[in-house]
Each structure stands twice: as structure tokens, then as C-alpha cells.
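Worth knowing before you read on, the calculation uses all heavy atoms, side chains too, and leaves out hydrogens, waters and symmetry mates.
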Amino acid sequence: MPLERKAIEIEKRIAAIPLERYRNFCIVAHIDHGKSTLSDRLLEHTGTITAGDGNKQVLDKLDVERERGITVKAQTCTMIYKNPKDGLDYLLHLVDTPGHVDFRAEVTRSYSSCSGALLLVDASQGVQAQTVANFYLAFAQGLSLVPVVNKIDMASADVPRVLEQLETVFELDTSTAVKVSAKTGQGVGEILPAVISNVPAPVGDAKKPLRMLLVDSWYDTFKGVVLLVRLFDGTLKQGDKVYSFATGNEYIVGEVGIQYPDAVPQKVLRAGQVGYVFFNPGMKRIQDAKLGDTFTNVGCEDMVEPCPGFEEPKPMVFVAAFPTNQDDYGRLADSISHLVLNDRSVTLQKDYSEALGAGWRLGFLGSLHCSVFQDRLRQEHGASIIITEPAVPTKIVWSTGEEVIVTNPAEFPDPDDHRIRSATLYEPFVNATVTLPEEYVGRCIEICENARGVQKSLEFFTATQVILKYELPAASLVDDLFGKLKGATKGYATLDYEDAGWRQAQLVKLNLLVNKKAVDAVARIVHVSQVERLGRQWVIKFKEHVDRQMFEVIIQAAAGRRIVARETIKPFRKDVLAKLHASDITRRRKLLEKQKAGRKRLRAVGNVIIDQSAFQKFLSK
């Protein structure tokens, strides 16, 4: 059986490699600078996968990742490389990280299992926002960096300018920089020797008791929760009993192995290696696999110091999701919980709306994270689903000093509630860094100012590139700020942000009323300065999607008790004057007045049935 023979061969080669010849490194870069393509070339170069045209983003395992060409989860792979300089085998462990700011937590986690990083920069784009952010993260962790300039085969590539940027912005020594084209494979052979000479070997001792860090986990229907671990000390093999510091549970190891790029079982994992492990009987709940947790042998709990854990990423964006047809509730519940199993950064609560029925309130790390989740629901489960506009949480501090955080606009107190008058309201802010070409500075400043931003700094880091730093409310970030910036700069702007805590603000709840009744599915908590604009926008848009009735329908936007905008849908009318010929004006007036009175009666009893599809169209961008 070829797979078993392959596993035994790999095991033999790995057993002969001492710890000094291990190298753990990751690839970090801005979005679309070619991380996943470079990973494919490195895997081909080391013979881990056979070279061929089918190798496109081998490590991106989700459908959404392949379709959008982005990486969402950090993926790992072990490679065995024969160094041409000394003819010896080296064990290399590669982590391909996501470039998008929403998945920052994935990148920080990857750093903990590595001792070096390839800082990849696109030769045609130069240094961009995420490059800066990832560099500082890696620098803070003390990783050794190998600068790599990618896409040198492109006509617009300007390698000297990029090297100059790396020197001026990060003070990196660019004499060792590797110039490659991941697409054509040019220069890829120089990367691994550079990694071997610049990245230090991991430190560890196989004789000491086991000390391993849980880096990532995913759910497998047959095996239970599978853990991705990095061993610092000791060894791990099938049948070992291990103890978790975070939960205090004990487990028996069922199988250990390496990702090569798919799971290949091994007899033993040693200190310095990164591999996978699952237990027998399996770990049932993904919540028990706390990322950043330390495991050790049962009985050695006092001799081993746990590793420093990770900061749990906090959800920044909340949306409510409802099935288009309430009969599908059970099916959709299964598919949502299935997705949440593998993506632990999504928070989930049950929700109910009078207009749309039973549903869920989901919390995400950012707007891209949210739209990726939506895509996965639609693709993998064919679920037809209505998703409300993304919103950010609000903090209310009552006069008694008690604090509540509201994620659902329906729970926001009404203006009639006397406590709200003396309460203080806070909204979340972010520190945003925008890099852009200098000719678009004016437009971008205008967009940020309109989004209620406060400018912190403006720096030129090359003759043509500008770094803008702004403090922005998270609400405007969710409201497609990045899309507006990209539109204003012909797609050149890049945005990076981090949480900046709460700021006091004047917030109100904006409601949409149809014939004086509030539609709870559309309510939003907004800043007073945005009320008029949003209200106007809502009523005009909603008017298009509501059907005409036999009576007048009034659509209003209300902030508290104040009506800020109104549209009226005229009723259907029968032509009551058709039968009159050359008649007297009083006779005409009498018939019209009679019709008017009938309408009034009808309006008093008639209620507007708003179709589900109207909400779907209204809430779609």
C-alpha cells in the first residue's frame, strides 16, 4: 500500500534529522502579494507534491478560499529538504498565513509556532498596510525576517524601489533579500537556503517531560476534534496520556502525524516539530480545545510551566440571520452550527424578529469574515437566508454605574425609558492605518472626515506613498469604508485597523415605520449626525420594494419620537367618475368624497403585509 510505505519512508528520513536541522517559518504579506502561490512552489521544490498545472493554492482547503483566491485559515505543511550546500536533510515546517486584517488572530497564532518569517512584498505594489502591521507583529515576537520580493516577472515590477522601501520603513538589511517570481518559479531555489542560514533552529529537549502548545484545531466527523500542536519539549506517541492545563481534562493519544500537505500518520512527534494529534476516545467539543493551551504528560503537571496563551479575538461586527422560509429553520440551524464548529471566532445567539421570525445573531471579526461566512452557508448548505445589515455593539452606562453591552438594536432602550436620559452611551473606535498614493490624499481625507474620523498623523514614507492614521468609529468601518476608499483611489488604498476601545457618543435608535408600526428587522443604532441621511435613504429604498395596497401606505424613518423622513405609496383607485358624462361639479365632488371616506375606513382596518422578498431586496447591498 503506497500511503503506508510513504509514511514509513518519511518517518525514516525524519528520525535521522537532529533538532539543529529543524526550521519553523511562516510567510506573511499583504493580501494578494502571492503567499499561497509561493507555498505551492516551495512544496514542489522540496518534492512534497509533484509539480503540475493542478497545483493552485494547494494549502487553501476551503471552497471559499479557492473561489475568492484569499486565505482564511492559516494552513501548515511539513517539508523535507536536501540542502545543496552540505547535502544534508533539513526538516522545514511552513505556515501559510491569511493576509487580511480580519484574520489577524490567525497570524499571531502562527507566529507562536515559528522562529522566523518570510516577509513577502509584491514588486509592483511595494509595501502596503498589512505588510507594515505584520512586520511589527513579527518584530514584537522576535522572529528573524527574510525579505522576499515577489512578482519580478511583471512588466510593472520595480524591484529597487521596493528594496529601498524595505530599508527605509523597516531598517531591514536588503542585501540578503531574495527576488522571486512565484508564478513562473524563477528564483524559488534561493529561498530555502536563505531560510536555513537566517532562521534559527527551534530550542527544545526531547528528554524533558512533554510541553506542547495547541496552535489550531478543527472538527472531523469521524475522529472528533483534531489538534495542531507545536512541541517545545519531550516526545508524543500513540497511547500517551496527556493533561490539559486550561480545562484540566485528561486524554489518551489516538494518533500523531504531520501535515505533508495532507495528514500522514507517524509513530512519534519530537520536540521542535509541528504536527497533528487526535485522541481516542476523541475530544467531542471544540470548546475544550482552547487555543494557546499547554498539554503535558499526566503526572508532570507541576514540573512543566504552561506557555503564555493567546488573546481571544473579539467580534467587531454583528448581523442577524433568518431563514427565508421558517420551515427551513432546523436545516439552517444544523448548517450554521456545523460552520461554527470549525470557525470558533464566530459567536452565536438565538434571536427573534416580528417581521422575519426566529433566527440567530452572529458576531464576526470583520465585514470580510462576515461575507465569507455567508458564502460558505450558501455554497456548502444551499441555504436561502436573509442577513440584516452589519452593526457594531453599543455600551450603555446607567446613572447607577451599571454597564450593559447591546449587540441587538431591538434591545436598545426606547426614548420613553426615563433611565436612558441620564445614561451615557459609548461606541467602539478603531485605529486605522491607510496607505495610498499621494495624489489621492485629498479624497481619502474627505472620506475619513465624513466618516467622523479624527486624523492622528500623515507621513510620507517614500516620494509617492503616504501613510494616513485615523481614529474612526467602528460603525463607519462596517459601513463599507474600505469600498469607498478603494473607489476613490482606483483600488490602490490599503486599510489596516486595530481596536481602540470605547468612546462616548450621541447615539439614537433609527426605526423604519410602516403605517406607524416599527419594522424591527431594519432598526439600527446610529450617531445623531447620520440620522437624516440614513432615514432619507431608507424610506426611498423601502418604497421601491413594498407593494401598493388598496389604501395609503406611509413609510417613515423615526429617530426616537422625531420623524426624519417620509414617503407615501398612493392607493389603487377605481375611476368613480367614469360613468358621469357632462355632469354638475357637485355631483362629481360627492362621488370623490364618498370614495375618500371609504379609503379612510379601509386604512383603519387594513394592515400592510410585507413580503419576505421585500426584506431580502432591501437588505441586499
Report yes or no: does [X] contribute a side-chain atom to a donor-acceptor pair with the main-chain N or O of [Y] at less than 3.5 Å?
{"X": "T294", "Y": "F245", "result": "no"}
{"X": "S144", "Y": "S115", "result": "yes"}
{"X": "N150", "Y": "D122", "result": "no"}

Hey, mind stepping through L485 and L436 against side chain to side chain contact (heavy atoms under 4.5 Å, CB included) and telling me if it holds? CA-CA 9 Å; L485 286 173; L436 66 151; over 6 Å; no

Check [X] against [Y] and note the closest heavy-atom contact, atom names and distance.
{"X": "L468", "Y": "Y470", "answer": "CD2-CE1, 3.9 Å"}
{"X": "L210", "Y": "T235", "answer": "CD1-O, 3.8 Å"}
{"X": "V159", "Y": "A123", "answer": "CG2-CB, 4.3 Å"}
{"X": "A246", "Y": "D293", "answer": "N-OD1, 3.1 Å"}
{"X": "V466", "Y": "V441", "answer": "CG2-CG2, 3.8 Å"}
{"X": "P390", "Y": "V478", "answer": "CB-CG1, 3.3 Å"}

Nearest-0.5 Å distance that lies between atom [atom1] in [X] and atom [atom2] in [Y]:
{"X": "F135", "Y": "L143", "atom1": "CZ", "atom2": "CG", "answer": "10.5 Å"}
{"X": "T76", "Y": "R230", "atom1": "OG1", "atom2": "CZ", "answer": "13.0 Å"}
{"X": "Q273", "Y": "Y22", "atom1": "CD", "atom2": "OH", "answer": "4.5 Å"}
{"X": "I152", "Y": "K179", "atom1": "CD1", "atom2": "NZ", "answer": "8.0 Å"}
{"X": "L472", "Y": "E449", "atom1": "CG", "atom2": "CD", "answer": "9.5 Å"}
{"X": "F295", "Y": "L236", "atom1": "CZ", "atom2": "CG", "answer": "10.0 Å"}

For [X], enumerate each residue passing the side-chain hydrogen bond (donor to acceptor under 3.5 Å, both in side chains) test, keeping only those at least two apart in sequence or located in another chain.
{"X": "N24", "answer": "none"}
{"X": "Y276", "answer": "E255"}
{"X": "E471", "answer": "R503"}

Is the shortest side-chain heavy-atom distance between [X] and [Y] below 4.5 Å?
{"X": "P193", "Y": "Y90", "result": "no"}
{"X": "R211", "Y": "T296", "result": "no"}
{"X": "V277", "Y": "V242", "result": "no"}
{"X": "L91", "Y": "T78", "result": "yes"}
{"X": "L269", "Y": "I258", "result": "yes"}

Assess whether atom NZ of K223 is packed by more than 12 heavy atoms of other residues, nucleotides or ligands within 6.0 Å.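 Atom NZ in K223 is crowded, with more than 12 foreign heavy atoms closer than 6.0 Å.
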
Determine whether more than 12 heavy atoms belonging to other residues, nucleotides or ligands lie under 6.0 Å from atom NZ of K208.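 Count not over threshold, so no.
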
Which residue, R23, R13, K82, forms the salt bridge (Lys or Arg N to Asp or Glu O under 4.0 Å) with D89?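 For D89, the salt bridge (Lys or Arg N to Asp or Glu O under 4.0 Å) test succeeds with only one of R23, R13, K82, which is R13.
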
Qualifying residues under side chain to side chain contact (heavy atoms under 4.5 Å, CB included), relative to E439, sequence neighbours excluded: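 Partners of E439 under the side chain to side chain contact (heavy atoms under 4.5 Å, CB included) test: P437.
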
Check side chain to side chain contact (heavy atoms under 4.5 Å, CB included) between C370 and all other residues, then give those that pass, not counting sequence neighbours.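 Side chain to side chain contact (heavy atoms under 4.5 Å, CB included) check on C370 returns V319, F364, Q374.
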
Just to verify, which of V121, V149, D158 counts as forming a side chain to side chain contact (heavy atoms under 4.5 Å, CB included) with L163?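 Among V121, V149, D158, the one meeting side chain to side chain contact (heavy atoms under 4.5 Å, CB included) with L163 is V149.
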
Yes or no on side chain to side chain contact (heavy atoms under 4.5 Å, CB included) for T433 and I467, after CA distance, side-chain angles and deciding distance? CA-CA 7 Å; T433 309; I467 300 185; 3.5 Å; yes

Could you go step by step and tell me if V215 and V95 meet the side chain to side chain contact (heavy atoms under 4.5 Å, CB included) rule? CA-CA 11 Å; V215 183; V95 185; over 6 Å; no

Chi angles and distances behind the side chain to side chain contact (heavy atoms under 4.5 Å, CB included) call for L119, V28: CA-CA 5 Å; L119 186 69; V28 293; 3.8 Å; yes

Quiz: residues 184-192 side-chain donor-acceptor pairs under 3.5 angstrom, not counting sequence neighbours:
| unit_1 | atom_1 | unit_2 | atom_2 | d |
| --- | --- | --- | --- | --- |
| T184 | OG1 | S181 | OG | 2.8 |
| T184 | OG1 | Q186 | N | 3.4 |

Between R161 and E164 (salt bridge meaning N to carboxylate O under 4.0 Å), is one present in this structure?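 Between E164 and R161 there is no salt bridge, as every charged N stays at least 4.0 Å from the carboxylate O atoms.
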
